[in-house]
Every structure is written in C-alpha cells, then in structure tokens.
Protein chains: 2
Amino acid sequence: MPSERPTSRDVARLAGVSRTTVSLVLNNVPDVHISPETRQRVLEAAQQLGYYPDASARRLVRGKTHTIALVWHRGPDRLYRDAFLPGLLQGLTGAARQYGYHVLFRPIEADEPDDAYVELARGRHTDGLILSGPRSDDDALIHLYQDQFPLVLHGQLPETDIPSVDVDNVQGAGAAVEHLLRLGHRRIGMITNAPLAYTASQQRLEGYRRALEGWGLPYDDTLVRYGNFDEESGLRAMESLLALDPPPTAVFVASDMVAIGALRALREHNLRVPEGIALVGFDNIAAARFITPALTTVHVPAFGLGWAAAELLIRLIEGDRPAETQVRLETELIVRESCGAKHSV
Amino acid sequence: MPSERPTSRDVARLAGVSRTTVSLVLNNVPDVHISPETRQRVLEAAQQLGYYPDASARRLVRGKTHTIALVWHRGPDRLYRDAFLPGLLQGLTGAARQYGYHVLFRPIEADEPDDAYVELARGRHTDGLILSGPRSDDDALIHLYQDQFPLVLHGQLPETDIPSVDVDNVQGAGAAVEHLLRLGHRRIGMITNAPLAYTASQQRLEGYRRALEGWGLPYDDTLVRYGNFDEESGLRAMESLLALDPPPTAVFVASDMVAIGALRALREHNLRVPEGIALVGFDNIAAARFITPALTTVHVPAFGLGWAAAELLIRLIEGDRPAETQVRLETELIVRESCGAKHSV
DNA sequence: ACGTGTTACTAACACGTGTTACCCAATGCC
DNA sequence: GGCATTGGGTAACACGTGTTAGTAACACGT
C-alpha cells in the first residue's frame, strides 16, 4: 500500500475546513451545528479521496479496540471441541457484528504457557475475552476477573461467579435417558463423555441419575463407565459393559465421538443396534447423522452458544450490567435410528 | 479495568530514567548502550508495576497492526467449507504465531455487500487478508491488489496472478480415478462436487479425464453428472447414473458430502458398495471415516493450506518477495472400504 | 591544551484521530 | 443600545508509544 493514504487532514484541506469539522461530520456527532453545504463538501471530499479513518489512531484515542477474542485452549478434548468451532464462531461473529465488534481467534498451543492469553487483555489488544475450556487452576484468569476485565467462559468453572455460557447438561442428559425409559428400557447403562474432573461429565452423569430416580429406579454405579473424548475409550467402555451379566438393554453415551467407538464394539460382537442394544449419544456432531445406524443424540446449539457468549461479553464491556450472567441454553433431543423409537412408533 | 493502568511514563518515573530509556530497554533495541544497572532497574520497575505496552499506541506509531484476517464468504458452499474451518484456522494461527501475528476471523454474511471486507484493509485494521471463496466479479479485490495491499486467496481465481493457496485438484482427482483403474474398473462414472463455474470442479473433472486418457480410455461425457455441494444433489446424480445401460461399475464423486448422497441412492436401490458399485470421494471430511462403508477419498490438507496461506501472506507483508506466489499442495489418497481395495488385496 | 571517540542517556517530534474549550458574527429580546 | 443566545466553526490538547537528533561526561592520544 503506497504511503499516499489520505488522512483527515487531506480531507479537511480539500473541503476547505478544519480537521475538527471533518471529524464532526464523518462521525455524525449529534447536537452540533454544521451547515448543510459544509457537511456536503466534507462528504464529497472524503468520497473523492477514498478516505478511511485509521483504525489504530481511533483505538488509541477512544481507548477501545472494538475487538473481542475467542481463546481456544488445547487439551485432550481439542479434537472433540473442533466439531463445535464453526458453529460457535459463526454465532460469535454474528452477534459481534451487530454491535460493531471484530473477533480475534487465539488458540493456545501445547508449547505455550496456559495463560499466554493474558497479554491480549493486559496489552489492550481486545476489550474482552471468551475463554473456551477454562481450568480451575488458572489464577491468571482469577486476577483478570478481579481487575474487572470483561470475561465470559464457554463451559463452566465451579465455585466462581465468572460470567459463563453453557448448555444445560443435566436437563439434556435427563431427556436422553427419559427417552430410553419411555421406550421401555429398565436396565440402562451409561458411558460418560470424559473423566469426572470435567464439570460437563459430572452434570451429564447427574442427569442420568435423576432421570432414573424420577422413574423410581435405583442408581447403580456398576452400570457406569468412563469415556475419555475419543472412540477408543468408547470401545473399551462398551466392551466392559457387555461383560456384565446380564448386560444393559440400552446405553446412554454422553458424547457422540465416544458413542461411535461404542458402536464399533457392538458391531464386533455382532450385536444389532437398536434391536440388541439401544444407544443414545450427546452433542449431535455432524457424523452422528451419517453413521449407520444414525445416532439418536442430544443437540448442542453451538451457534446459539457463540451468539449468547458474544452478546453477554459485549454487554459487560459496554457497562450495562446484564441481569443474568450465567447463561444456560436448552438442548434438543434428536431422534434417529439408534434408540429404536422409529420402530416402536 | 480501572484506569490506573501503568504507562511507560510510570515505569520511567519509578526507575528514575526517561521514557525513551524504558522503550529502548523493553524493546531490546540493538546497538545502543545502556548500563546493566539501569537496564535492571527498568526491568524491575516494569515488572513491579505490571506494565504491558498499549497495543493501540504501538500500532499507530509503527504503522503495523501485526494482524491478518481470514475473510470467509458465505455462499452455497458454506456448509461444505465449514468442514475445513477448524483445520484451516489452526494452520493459519500456527504460522501467524511464529511471526508474531494475530488472526481475525471475518465472515461475510448474506445481508452484507460482498466487498464488506475492504474496510478491514483500507481502514488499516489488518496488514493483509486471506480470502476464502473469491469471486472473479469482485472488483474491490482487483483494486486492492493493484494498490499493492497484501492478499492471498484460498482457492483460485483464473486469469489473475494474485497470490493463492490451493490443493492440486487435477492430481488429486487423477490419483482417485487411477486407483479405480488399477482395481480393474473400465466403466467409471463421475459426479462433480459443484457446477463447472467453480474452478475446483473444472480441475477435478480434468483430472478424471486425464487419468482415463492415460490408460487409453475415451472420455465419455454421458458418464458425467454435476453435483452441487450437498447430499441431495449426489443422490439425484447417482440415480441418473444408475439409469444408464449398463451403469458404471465405479464412480468418482468429487466431494464427500455429495458422495454421501450417492451412497444413499445406492442403498435405496439395494446395491452393495463396493461389490455392486465402487466409490471414491474427495475432501476427507470427518464423516467419511464413520459412514458405512467407510469412504475411500482424497485428503485435502486443511491445516497445511492454512499454514501456507499465512506464511505466504506474512512474507508479502514483510516485503521479502517470495519466489513462488502460487502454492499448490499435494493431496493424499486415503484407502478405506468403499473402493473395494481392502477385499482385492 | 585540544580534538576525537565513546558511553549513557534524554528532549522533542511523529503517528492520526476524537474532543473540549473557545471564538466570532449574527440574531433576538427588553 | 446593551446584553444574552445561537449558529458555525476552529485551535489546541490528549491518547501512549517508537525513534531521531542531540548532549553531557569522560577517556585517550598527541
């Protein structure tokens, strides 16, 4: 880009007015009197020169970047979370655009310190952060929050009141298990999406337990296995459940990825789904639709989560304290083939 | 964030030196003599105050934003391209980080003008742009290029020498068809990924044609159908191919998404894959692995494309004219079940 | 005694904008 | 006629940094 980029001074010169006037006109400052002719001259001059105000200068003088960042932590669940990235980003940018904000994408790689993102905040690269996959041992995060820096978590951090956006895992898991109960199953196993160190895992397990108890069935932890984000863990967990005597007639797998592994185990044991064992997943990743049998699952609204996160964050930035800073979105049960409902209806 | 944010002036005051010295020390400016004691004092003062230089001020004075943007156009292929977004972004940010750049994500929505992204460039929000899904009728793009603004296209625009990054579609399609030929097929149909207005479609078709001709087989356009990004189009195209007498014994579908539709058509006709008809796809989207039968396909290295695009763009920004501005990455054939190779080996 | 270099540092300008405080002329009011 | 008010505009400061040109002190060779 050649250096002959026009500045507001050039526009002022061409229009025969002061730089102040140019600024007043171009920003449509209210309650200020500029004659229509002058206004017109300025507009034409700006147009003619192809003037665009310099973003850096604006940021500096206004003390605002009009940018928010999505901080994307690596971790064992990275591949899993990648499935939500496009939807989440579209939601984020959609809401951001409505408020005139830009979105920065900032993954934290394995060779970086976990708190590498603080520079974004402290160095005033952005006005606020959305943190995906927060860890409770992250005290840089706590400090930022104490310093009133605008933050929204994607996912939950127990024991804090940091604003966050998440899906209602208890309700979603409950709906899945309820569905199996309605189909007549009474011996229902569960494979978690991840170890219980993850809040979401605890909550989905809790939903499973409550659904059972709501129907007067005891919670029995011999029917529960722990997944770990990937197919492999699902395969092993299902093998272990099949070793039970008798095995469950249905299994709620709290992650589609893990469910795909479970499905493979069933195929290797020549068990038909849903006739032999019924399955319900969680997440509604793209592959759930395509796999055979198509997976009944709990839909996680990635777009909606992104939208809500950006909207909440921007509200915090602009200072109008929102009534509710803990957003929980509802999930939706997507009935396909793996649960057996299609046959029993 | 309270307004007591420390500036370099505060650091200078605390260390008992001038602001200039602070800047020199903190930026490690070479060939300048500062006594070790002073250097130490400055560092300690900065540390003690928790000083982070203001990014906006830096951008302004340096005339660089150290930011690049990924412009993501909507379009009929959006859902299709979403499959590559996570990989592409990881690649982009990975390379960007090595050079100290940030990455902005900017989708252009349906209700915006196509050239809404120029503001990013003209207003100096970013130092360069990566454009995904460029259209040849976009003259804002041409102007930007003429004004020497650093640009890299993801995908190709015929008849220009704008730097671009893409996969070698001709080679990839050729390898896919070659694979089917080696397996003994001689009557091979093709379903394109999209209408021929898309450069990638033309090129994949060209790869198909060349592979046939390389084996001395005539190119026969009665064996070719046109997909349109989605499952539905694949289903219809395959139905049409099945109406031929005799139908092809194998089909190269230049998009996994479309291939999934084709697969459904075959299932509805009770044709087994690969025994009845063999299939090879293109793209290697996540679902290709999970579907039954698992899809043999041509892998598109999204991460590599992102990395290459960012690296090329940053080279252009920093002024060291790269030797080659048209990057073409190789694809890789992923052999799974749908082609029949697993049985014949 | 004098110029020449070197070390260690600083004063002052520049980047391009938004905004406050002020000014001048014309008008309205009694 | 004197005074307040309003319309239309500008001079000057501020934002927080990077960088150039310059200075003061001191060492050194002759």
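So you know, we letter chains A, B, ... as the sequences are listed, proteins then strands, and number each from 1. Everything numeric in this text was worked out from a predicted model, so none of it was measured. Basis for what follows: all heavy atoms, side chains included, without hydrogens, waters or symmetry-related copies.
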So, OP1 or OP2 of [N]: does either fall under 4.0 Å of a side-chain N or O from [X]?
{"X": "Tyr51(A)", "N": "dT17(C)", "answer": "yes"}
{"X": "Ser23(A)", "N": "dG18(C)", "answer": "yes"}
{"X": "Ser8(B)", "N": "dG16(D)", "answer": "no"}

Exercise. Side chains of Ser164(B) and Arg328(B): donor-acceptor distance under 3.5 Å anywhere?
Worked result: yes
Problem set entry | Contact nearer the 5' end of DNA chain C, comparing Thr21(B) with Leu60(B) |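 Closest to the 5' end, via its nearest nucleotide, is Thr21(B).
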Problem set entry | Residue pairs passing the salt bridge (Lys or Arg N to Asp or Glu O under 4.0 Å) test where at least one lies in residues 87-97 of chain B, sequence neighbours excluded | Asp111(A)-Arg97(B), Glu112(A)-Arg97(B)
Hey, can you pull the donor-acceptor pairs under 3.5 Å for the side chains in residues 23-30 of chain B, sequence neighbours left out?
residue	atom	partner	partner atom	Å
Ser23(B)	OG	Asn27(B)	ND2	3.3
Asn27(B)	OD1	Arg58(B)	NH2	2.8
Asn27(B)	ND2	Ser23(B)	O	3.1

For this session: Can you measure from CZ (Arg122(B)) to CG (Asp54(A)) and round to the nearest 0.5 angstrom?
Result: 14.0 Å
Exercise. Can you tell me how far CD1 of Ile130(A) sits from NE2 of His154(A), rounded to the nearest 0.5 angstrom?
Worked result: 9.5 Å
Exercise. Listed by chain and number, what are the salt bridge (Lys or Arg N to Asp or Glu O under 4.0 Å) partners of Asp161(A), not counting sequence neighbours?
Worked result: none
N/O donor-acceptor pairs under 3.5 Å from side chains in residues 46-53 of chain A, not counting sequence neighbours:
none

Interatomic distance where [atom1] belongs to [X] and [atom2] belongs to [N] [whole Å]:
{"X": "Arg5(B)", "N": "dG16(D)", "atom1": "CZ", "atom2": "P", "value": "8 Å"}
{"X": "Arg19(A)", "N": "dG16(C)", "atom1": "CZ", "atom2": "P", "value": "11 Å"}
{"X": "Leu49(A)", "N": "dG16(C)", "atom1": "CG", "atom2": "P", "value": "15 Å"}
{"X": "Arg13(B)", "N": "dT17(D)", "atom1": "CZ", "atom2": "C1'", "value": "15 Å"}
{"X": "Arg58(A)", "N": "dT17(C)", "atom1": "CZ", "atom2": "P", "value": "9 Å"}

Please output the side-chain donor-acceptor pairs of residues 67-79 of chain A that fall under 3.5 Å, not counting sequence neighbours, one pair per line with the distance.
residue	atom	partner	partner atom	Å
Thr67(A)	OG1	Arg59(A)	NH2	3.1
Thr67(A)	OG1	Thr65(A)	O	3.1
His73(A)	NE2	Asp114(A)	O	3.0
Arg74(A)	NE	Glu109(A)	O	3.4
Arg74(A)	NH2	Asp114(A)	OD1	3.2
Asp77(A)	OD1	Arg81(A)	NH1	3.4
Asp77(A)	OD2	Arg81(A)	NH1	3.2

Exercise. Between which residue ranges does DNA chain D form stems of three or more consecutive Watson-Crick or G-U wobble pairs, both distances under 3.5 Å?
Worked result: C:1-30 with D:1-30
For this session: Decide yes or no, distance alone: a donor-acceptor N/O pair under 3.5 angstrom between the base of dT17(C) and the side-chain of Arg62(A).
Result: no
For this session: Classify the side chain of Arg59(A) and the base of dG18(C) as holding, or not holding, a donor-acceptor pair under 3.5 Å.
Result: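 Under the 3.5 Å cut-off, the side chain and the base do not form any donor-acceptor pair.
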For this session: Check whether any side-chain N or O of Asp138(B) sits under 3.5 Å from a backbone N or O of Leu141(B) as a donor-acceptor pair, and report yes or no.
Result: yes
Exercise. Considering only heavy atoms from C-beta outward, does the side chain of Val152(A) approach that of Val165(A) to under 4.5 Å?
Worked result: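 Yes, at least one pair of side-chain atoms sits under 4.5 Å.
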side-chain contact (heavy atoms from CB on, under 4.5 Å) partners of [X], counting only residues at least two apart:
{"X": "Asp137(A)", "result": "Arg135(A)"}
{"X": "Ser136(A)", "result": "Leu157(A)"}
{"X": "Phe303(B)", "result": "Gln90(B), Trp307(B)"}

For this session: State, to 0.1 Å, how close Glu324(B) and Val327(B) come at their nearest heavy-atom pair, and which atoms those are.
Result: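 Reported closest heavy-atom pair: O-CG2, 4.5 Å.
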For this session: Quick one: label Thr7(B) by what it contacts on the DNA or RNA (base, sugar-phosphate, nothing), any heavy atom closer than 4.0 Å.
Result: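 Touches sugar-phosphate only.
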Exercise. For residues 27-43 of chain A, which residues have at least one heavy atom under 4.0 Å from DNA chain C?
Worked result: Asn27(A)
Exercise. When every nucleotide of nucleotides 23-28 of chain D is labelled 5' to 3' by its protein contacts under 4.0 Å (heavy atoms), B for base, S for sugar-phosphate only, - for none, what sequence of letters results?
Worked result: ------
Can you name the atoms? Protein N/O to nucleotides 21-29 of chain C N/O, anything below 3.5 Å, with the distance.
none

